[in-house]
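First the structure, in the form of structure tokens, and then the observations on it.
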Amino acid sequence: MRRLLALFILLPALGCSLPALAWNAAGHRLVAVIAWQQLSASSRQLVSAALAAHPDYRRWREKAGGQSEAAIFAEAATWADSIRNDPRYYDDNSDAPTPLLAGRYDSRRHRRWHYVDFDAAGRPVKGELDRRIERLEQIIGTTREPTEITYALPWLLHLVGDLHQPLHTGNAADDGGLNQMIENPFKRGKSAVSLHTYWDDLPGPSSLRGRRLQRAAARLMAEHRPPAQGNVDLWREESRRLRQQAYPPGNRAGPPVIDQKFAQNTRTIAERRLAEAGYRLGRLIETRLHQRVSRETGDQESGISSVTAASLRKNY
Ligand SMILES: [Zn+2]
């Protein structure tokens with residue numbers, strides 16, 4: 001234990017750091033609630049049926065505090081972060097594999113999926129966030145295996161949110177702001193935090209759920225019109241450009257102290273990015289599900305039935 005603790009303390013000194021989380025749970029729920037509003041009734045049915053077959057569905061339902069499908073959808077968006085300390089899952093390159101959960105799901109935590117970091121020349125050098133989203137949306141649009149949709153969906157809900165956090169398209173030199181400490185005088189308690197953590201917590205308290213969550217999402221939607229849909233490349237480049245505003249000006253030795261102007265500007269950016277991620281995620285899911293239903297209804301010769309909520313339930 002002491003050795004583990006020593007390693008923990010040494011990691012930053014060695015230039016390593018613990019992987020980033022991206023928006024906290026409140027941020028991911030807000031993105032999901034906005035996305036849910038973009039879905040048609042049939043897509044909501046499909047998505048809910050797919051999530052209901054996930055091994056962690058019961059946990060999401062408990063955390064959501066009831067049967068509301070929108071609230072369960074929002075909890076599913078936090079799953080990719082919640083498995084980071086869950087002993088049923090393992091780290092790809094450091095742990096021994098854990099047994100597969102019922103339903104032959106992948107048990108790896110895939111920490112590298114949450115970010116893509118760039119070197120000074122603008123080349124992607126770490127992480128695979130952007131390419132992974134493309135793969136997941138492809139799975140949802142094309143797979144003939146319902147269990148793959150069940151696996152891909154929580155990842156997609158989460159990663160589209162991550163890609164809209166400017167420090168998740170980070171500078172590899174400081175690990176996306178993880179190695180950049182700042183002083184935040186507006187925070188009660190510990191005021192020294194990493195810049196990355198500061199950004200992750202901008203959406204509000206992690207416990208945001210229920211009516212307060214719905215109200216916060218409704219406000220974001222009222223204040224932000226749907227953005228151009230674009231694609232993964234656009235979302236990544238937008239985040240990279242925003243990185244210029246993500247760092248507080250530093251003109252003294254030691255960690256920069258954030259001021260009112262910086263706090264206000266970063267909050268404004270964060271709220272806009274959450275809204276954009278929500279609108280885009282919803283439309284992405286809607287498009288991909290529509291694509292598979294149209295293709296499969298025209299694919300009668302191969303005996304593939306159209307994917308409806310009823311057929312999904314039957315498959316599970
Ligand atoms: Zn993440």
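Note that ligands are numbered from 1 as they come in the structure, with each ligand's atoms numbered from 1 the same way. Fair warning: this is a prediction, and the values are worked out from it, not measured in the lab.
- Looking at His158, its N, O or S atom nearest to the Zn ion (ligand 1) turns out to be NE2.
- A tilted orientation is assigned to the rings of His54 and Trp60, their planes being inclined by 30° to 60°.
- The aromatic rings of Trp113 and Tyr151 sit perpendicular, their planes meeting at an angle over 60°, well past the 30° parallel limit.
- The 12-atom threshold is not exceeded at CZ of Arg267, counting heavy atoms of other residues, nucleotides or ligands nearer than 6.0 Å.
- The N, O or S atom of His114 lying closest to the Zn ion (ligand 1) is ND1.
- Atom CG of Asp233 has more than 12 heavy atoms from other residues, nucleotides or ligands within 6.0 Å.
- Its N, O or S atom nearest to the Zn ion (ligand 1) is what matters here, and for Asp162 that atom is OD2.
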